[in-house]
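Here is the structure we will look at, set down as structure tokens.
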Amino acid sequence: MASAHLVHEGHPHKHGEGCGHVSVPHHDHVDYVHDGHLHRRHDDHWDEHPVS
């Protein structure tokens, strides 16, 4: 069963080393703290997750 995810639309910023956002290692990927939530790269877009 696939889990639903919220796509952060209209996100031209490219997260990565030195991008200015805090990176958070998370299992097999890295999340980035962005405007009070987390962004995770997913295919050709960024998913948005709450900070928990």
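Predicted, not measured: the structure shown is a model, and the values here were computed from it.
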Legend entry - Exercise: identify the closest heavy-atom pair between Tyr32 and Cys19: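 Here Tyr32 and Cys19 meet closest at CD2-SG, 4.2 Å.
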Legend entry - Residues that His21 engages under ring pair (Phe, Tyr, Trp, His ring centres under 6.0 Å), provided they are two or more places apart: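 Only His13, His15, His34 meet the ring pair (Phe, Tyr, Trp, His ring centres under 6.0 Å) criterion with His21.
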Inset, instruction - For His27, check ring pair (Phe, Tyr, Trp, His ring centres under 6.0 Å) against everything at least two apart and list the hits. - result: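 In terms of ring pair (Phe, Tyr, Trp, His ring centres under 6.0 Å), with neighbours along the sequence ignored, His27 is linked to no residue.
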Inset, instruction - Decide whether His45 and Asp43 meet the rule of one side-chain donor and one side-chain acceptor closer than 3.5 Å. - result: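 No, no side-chain donor-acceptor contact under 3.5 Å.
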Inset, instruction - Quick one: sort the His37 and His39 rings into parallel, tilted or perpendicular, breaks at 30° and 60°. - result: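 The rings of His37 and His39 sit tilted, inter-plane angle from 30° to 60°.
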Inset, instruction - Evaluate the side-chain proximity of Val24 to Val30: yes if any heavy-atom separation is below 4.5 Å, no if none is. - result: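 Val30 does not reach Val24 side chain to side chain.
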Inset, instruction - Would you verify whether the NZ or CZ of Arg40 falls within 45 degrees of the ring axis of Trp46 while also being under 6.0 Å from that six-membered ring's centre? - result: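 Here Arg40 fails the 6.0 Å and 45° test against Trp46.
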